[in-house]
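Right, one structure below, let's go through it.
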Amino acid sequence: MHTLRQFFSTRSRLLTKEDYSNVFNHSEKKASNRYALLLALPHSGPHHSRLGLIVAKKNVRSAVDRNRVKRLVREHFRRHPQTQTKDTIFMARKGIADLSNSEIRYHLQQLWAKLDTVAAHP
RNA sequence: CGAGUUGGUUAGGCGAUCGCUGUCGAAUUAUCGGCAGAGGAAAGUCCGGGCUCCAGAGAUCAGAGUGCCAGGUAACGCCUGGGGGGCGAGAGCCUACGGAAAGUGCAACAGAGAGGAAACCGCCCGAUCUCGAUCGGGUAAGGGUGAAAAGGUGCGGUAAGAGCGCACCGCAUACUUGGUAACAAGUAUGGCGAUGGUAAACCCCACUCGGAGCAAGACCAAAUAGGAAUCCAUUAGCCGUGAUCUCCGGCGGAUUCGGGUAGGUUGCUACAGGCGGACGGUGACGUUCGUCGCAGAUGAAUGAUCGUCCACGACAGAACCCGGCUUAUCGACUGACUCAUCCU
RNA sequence: CGGUGUGUGGCGCAGCCUGGUAGCGCACUUCCUUCGGGAGGAAGGGGUCGGAGGUUCAAAUCCUCUCACACCGA
């Protein structure tokens, strides 16, 4: 199973406006801290688990930092397969650009763990 | 060797594992392999051009921009060379650097006076008398005000002074020489009561410019609503002017057509291209020969982890593409030149 | 990505075009009025005019660069 999910392509991304507003309006699970916010919508459709990224210019000023955050989140999503198929949105908050790569990785692990415990007890 | 000026190149390397985008080849329905994959500023959007659409014969006005001269360039507000001015001991650096005798305006406060001006304190002459004041006149050297006061310095001259005269400098005009030119040098004349400053004030002169931008533009095209044409139905009901009747129109169904939203495709990278050589030119650059193929994403790829070496890695991420400018930036390498000391 | 606009006391705005004094309202401080408060009246404090450079005798104002913020076009 792990080797099966070790890729990340366009099929595991949220693509259209509807995909995003769907998750926003019907999100069943949330996990957040002061650096980021996660929204998730479980489904049993034909898709894989999908990921959407929102890293606003207002919250992360530099383009280099925006790319860095998005790459780290994708890498985490790719390396840690979901226990349940669901669409997830990641929203960056203001202080995240000041963190180092290892710090961001630590926070991502915490957030996804929180999301899974909520999922276990709906 | 020290201090400094200036131009160019580069922007962590190597290995392993797991990934992303494009493309080629296998395979054929989700895999494998090869190759390629951010910058010198990709940034700011300050200029210029290509490209696309709109408007359009051409010209002028308006408006905007540029502004010493010559050249380069597709073009430029850029670059190169030269001239003037300023700074520096020098290499070198900086320079919006056309016109103020075409006209209009502006200059607070201070000061007597701010522009065809004027005399406050002064200086000098004369008159008067109470003998250091008043009045009349001459003058602009000195003082004072101001950012700026109508050539500067020296000598002569004079009642005191003044381009009043002379010398040098500055200015203006004319001519000669050198230079494509900007300009420079020289000679002569003027005798400076005229020609002050400000044009990043209006303005004048010369030159340049149509407008918008790839979210431009082109193509394909759901659902829903609405439009047009043709055909069917015109039975029943409802609406239309207060009521009734007749006529007419609308509300119905089917097919076709065109516009067009969501969404998709395209524009999308091979071109004023890079590298090397030769020739021409002081140089920017041009001509020519050879060679290379060098990102093309679209919620947006170029990364993560580990090991290792060192100088311990700055500023920072393409979004139609080029040429510049400006701003940010830890360093490393290298060419040329200047000054000072020492040695020969 | 492209195109516009705005930065002035604590807050909201004038002044900029046409260069010389930074002003208005609310708020703040003190005093008067009142038994006390509010309202009212009088006086006062507070501004590198977003930042840097240039033009000018002189810049909030003119010019250039730069930093924030806001708006418009799918």
Side-chain angles (χ1 to χ4, degrees):
Chain A
M1 177 158 179
H2 279 65
T3 48
L4 203 112
R5 284 281 294 108
Q6 292 282 310
F7 62 89
F8 182 86
S9 67
T10 46
R11 283 178 300 141
S12 7
R13 298 177 197 168
L14 293 176
L15 291 173
T16 63
K17 208 180 286 178
E18 285 84 54
D19 291 341
Y20 273 84
S21 48
N22 224 3
V23 178
F24 268 115
N25 294 332
H26 306 98
S27 67
E28 298 182 3
K29 293 159 191 162
K30 290 182 188 175
S32 71
N33 61 14
R34 52 175 299 228
Y35 298 113
L37 168 73
L38 281 178
L39 294 171
L41 173 63
H43 64 81
S44 51
H47 309 291
H48 302 269
S49 285
R50 296 186 297 179
L51 177 70
L53 295 167
I54 299 178
V55 183
K57 202 172 190 174
K58 199 174 177 181
N59 294 331
V60 181
R61 180 66 52 75
S62 158
V64 173
D65 286 332
R66 277 201 301 281
N67 280 340
R68 185 164 64 91
V69 169
K70 288 195 271 188
R71 281 166 187 158
L72 286 167
V73 177
R74 278 197 217 102
E75 192 71 14
H76 183 271
F77 183 81
R78 183 174 71 79
R79 289 207 172 258
H80 302 273
Q82 309 298 300
T83 54
Q84 181 185 16
T85 57
K86 58 179 176 286
D87 291 346
T88 310
I89 290 182
F90 171 89
M91 279 180 77
R93 284 182 174 163
K94 213 154 199 174
I96 199 164
D98 301 330
L99 301 177
S100 72
N101 284 7
S102 54
E103 282 175 317
I104 290 177
R105 230 175 295 124
Y106 169 77
H107 282 292
L108 287 175
Q109 234 153 30
Q110 297 260 308
L111 279 172
W112 249 276
K114 208 187 273 184
L115 200 67
D116 282 343
T117 55
V118 174
H121 309 286

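So that the names make sense, note that chain A is the first sequence line, chain B the second, and so on, each numbered from 1.
- Separation of the A:Trp112 and A:His76 ring centroids falls under the 6.0 Å cut-off.
- Taking 4.0 angstrom as the limit, A:Arg71 places none of its side-chain polar atoms (N or O) nearer than this to OP1 or OP2 of B:G317.
- Across all strands shown, B:U128 forms a Watson-Crick or G-U wobble pair, both distances under 3.5 Å, with B:A133.
- To the nearest angstrom, C1' of C:C71 lies 13 Å from NZ of A:Lys58.
- Rounding to the nearest 0.5 Å places CZ of A:Phe77 at 5.0 Å from CG of A:Leu51.
- The separation of B:C79 from B:A284, taken at their C1' atoms, amounts to 6 Å, rounded to a whole angstrom.
- Taking the C1' atoms as reference points, B:A160 lies 7 Å from B:U139, given to the whole Å.
- Of the two residues contacting RNA chain B, namely A:Arg105 and A:Val55, the nearest-nucleotide position lying further toward the 5' end is that of A:Val55.
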Practice item. Would you sort out whether A:Met91 and A:Ser32 count as a side-chain contact (heavy atoms from CB on, under 4.5 Å), showing the intermediate values? Key: CA-CA 9 Å; A:Met91 279 180 77; A:Ser32 71; over 6 Å; no
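- The phosphate of C:A68 (OP1 or OP2) has a side-chain N or O of A:Arg61 nearer than 4.0 angstrom.
- As the counterpart of B:C306, B:G15 is assigned, both hydrogen-bonding distances of the Watson-Crick or G-U wobble pattern falling under 3.5 Å.
- Ion pair A:Arg79/A:Glu75 flagged as a salt bridge, since at least one NZ, NE, NH1 or NH2 atom sits closer than 4.0 Å to an Asp/Glu carboxylate oxygen.
- Separating the NZ atom of A:Lys70 from the P atom of B:C20 is a distance of 18 Å, rounded to the nearest angstrom.
- Nucleotide B:G335 forms a pair with B:U6, judged by Watson-Crick or G-U wobble geometry with both contacts under 3.5 Å.
- B:G258 and B:A229 are spaced 11 Å apart, taking the C1' atom of each and rounding to whole Å.
- When the C1' atom is used for both B:U282 and B:A297, the distance is 48 Å, rounded to whole Å.
- Look at B:G276: its Watson-Crick or wobble partner, with both distances under 3.5 angstrom, is B:C289.
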**Study point:** Intermediate values then yes/no, side-chain contact (heavy atoms from CB on, under 4.5 Å), A:Thr88 and A:Leu39
**Key:** CA-CA 6 Å; A:Thr88 310; A:Leu39 294 171; over 6 Å; no
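- With a cut-off of 3.5 Å on both pairing distances, B:A59 has no Watson-Crick or G-U wobble partner at all.
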Check your understanding: Which string of ( ) [ ] | and . matches RNA chain C, if you list each base 5' to 3' and count Watson-Crick or G-U pairs only when both distances are under 3.5 Å?
Key -> (((((((..((((......[..)))).(((((.......))))).....(((((..]....)))))))))))).
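- Rounded to a whole angstrom, the distance from the P atom of B:C245 to that of B:G240 is 14 Å.
- Nucleotides B:A16 and B:C1, compared at atom C1', are 48 Å apart to the nearest Å.
- Of the side-chain N and O atoms in A:Asn101, one or more sit less than 4.0 angstrom from OP1 or OP2 of B:A304.
- Proximity of A:Arg74 to the phosphate of B:G299: no side-chain N or O atom is located under 4.0 Å from OP1 or OP2.
- Pair check for B:U45 finds none; no Watson-Crick or G-U wobble contact set falls under 3.5 Å.
- Pairing for B:A30 is absent, with no Watson-Crick or G-U wobble pair whose two atom distances lie under 3.5 Å.
- Remark: B:G267 base-pairs with no nucleotide in the shown strands. Criterion, Watson-Crick or G-U wobble with two distances under 3.5 Å.
- Each of A:Ser62 and A:Glu75 was matched to the nucleotide of RNA chain B holding its nearest heavy atom; the match closer to the 5' end belongs to A:Glu75.
- Straight-line distance between the C1' atoms of B:G40 and B:U326: roughly 14 Å, to the nearest whole Å.
- Minimum atom distance to the side chain of A:Ile54 is reached by B:G299, of the listed B:G299, B:A38, B:A304.
- Distances from the side chain of A:Arg78 to the nucleotides B:A301, B:C18, B:A316 place B:C18 closest.
- For the C1' atom pair drawn from C:C69 and B:A42, the interatomic distance equals 25 Å after rounding to whole Å.
- Using a 90° window around 0 for the glycosidic torsion, B:G40 falls inside it and is classed as syn.
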